[in-house]
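Report on the following structure.
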Amino acid sequence: MHAVQFADHGDRDVIEYAQRPDPSAGRGEVLVDVKAGALNHLDVWTRRGLPGIDLEMPHVPGSDMAGVVESVGDGVTRFEPGDRVALTAGVSCGECEFCRDGEESQCVNYHLIGEHVPGVHAEYAAVPEDNLVAVPVGVDWETAAAAPLVFQTAWRMLMTRAELRAGESVLVLGASGGVGHAAVQIADFAGAEVFATASTDEKLEYAREIGADHVVNYEETDFASELYELTDGRGVDVVVDHVGGETWDDSLKSLAKGGRLVTCGATAGATPETNINRVFWNQLSILGSTMATPGEVDDVLAKVWDGTFEVRVRDRLPMSETARAHELLEDREGFGKVVVVPDSELDE
Ligand SMILES: [Zn+2]
């Protein structure tokens with residue numbers, strides 16, 4: 001079979017689409033005939049190399065995919081050949097104190113398929129049964145592949161960690177990204193007043209279409225000052241930040257007294273300065289969030305499958321053009337998710 005892989009960390013030119021041995025389903029595993037995959041920012045980080053994560057090379061990336069069950073290994077009870085499935089990438093041990101408490105994404109051995117262990121951007125992927133969810137007939141492969149990682153992330157951030165309530169206000173930074181566009185929709189669904197930032201007016205128009213009440217072009221204006229104006233000096237109750245870096249201080253500045261900042265990533269830098277005076281005087285909460293529990297995954301994907309939430313796809317490429325997919329993410333071109341499809345699926 002063909003798979004996306006890289007033998008070394010580095011720039012986009014390390015990515016190849018190469019022949020690999022056909023996988024088979026081991027005990028507790030399901031072999032999936034992959035119909036579509038989706039990119040996430042972590043694919044870029046994984047390609048560049050993350051401190052503390054030593055990958056077996058060549059590494060197959062990919063933490064989102066959907067397809068049809070080809071075969072099942074011994075002990076698999078929930079799926080059979082022909083079933084439509086999508087991957088949810090978080091792997092937990094099931095035995096530690098956090099898993100036993102129902103907080104699987106806090107597992108002490110938590111890791112992600114595609115980031116810490118081989119991923120799924122290939123013609124076939126063998127994955128644990130627990131990492132698959134059923135996809136109803138009528139949901140297209142692009143939606144099924146592109147929804148799980150970002151929608152579960154945004155759902156847990158807003159609903160569980162920030163405990164968003166109807167009538168509150170939410171600022172979503174970088175609304176054109178996968179997590180951002182999911183967060184805008186979830187905040188709107190929860191009854192919040194939604195503020196969204198993006199780098200172009202075209203992206204902001206998309207943000208409005210999917211539920212943003214107010215939009216701010218952060219290339220043209222300082223978003224913290226703009227938020228101050230838009231909220232009559234009050235600030236917002238919740239900020240969703242997956243950017244970090246230079247935005248961090250402005251995110252804290254944008255919060256109302258008692259506000260909550262929830263973060264799931266730091267694409268622009270992980271070690272910004274924090275003004276602690278602002279944190280204690282305004283009684284702010286800084287909340288971390290990673291992926292979601294299986295129950296949260298079920299809750300949010302039910303609302304993707306029934307059309308409550310919409311997955312925007314900015315581009316659909318053959319897997320052999322995965323380097324271009326990384327370029328779209330790194331240059332922040334377009335709005336929504338980047339989907340990759342095995343080249344053999346496009347030939348048919
Ligand atoms: Zn655990």
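In each ligand, atom 1 is the first atom listed, and ligand 1 is the first ligand listed. When reading the values below, keep in mind they use all heavy atoms of this one structure, side chains included, and skip hydrogens, waters and symmetry mates.
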(request) Among residues two or more places apart or on two chains, list those pairs meeting salt bridge (Lys or Arg N to Asp or Glu O under 4.0 Å) that have a residue in residues 251-272. (result) Glu168-Arg260, Asp250-Lys253
(message) List the residues meeting salt bridge (charged side-chain N to carboxylate O under 4.0 Å, His left out) with Arg208, not counting sequence neighbours, and say none if there are none.
(response) none
(request) Spell out the protein N/O/S atoms under 2.8 Å from the Zn ion (ligand 1) as residue plus atom name. (result) Cys93 SG, Cys96 SG, Cys99 SG, Cys107 SG
(message) My understanding is that only residues two or more places apart in sequence, or in another chain, count here; which of them pass salt bridge (charged side-chain N to carboxylate O under 4.0 Å, His left out) with Glu330?
(response) Arg12, Arg47, Arg48
(request) Report yes or no: does His9 contribute a side-chain atom to a donor-acceptor pair with the main-chain N or O of Thr46 at less than 3.5 Å? (result) yes
(request) Salt-bridge test for Arg156 and Glu103: reply yes if a basic N is under 4.0 Å from a carboxylate O, no otherwise. (result) yes
(message) Between Glu333 and Arg314, does any NZ, NE, NH1 or NH2 come within less than 4.0 Å of an OD or OE carboxylate oxygen?
(response) no
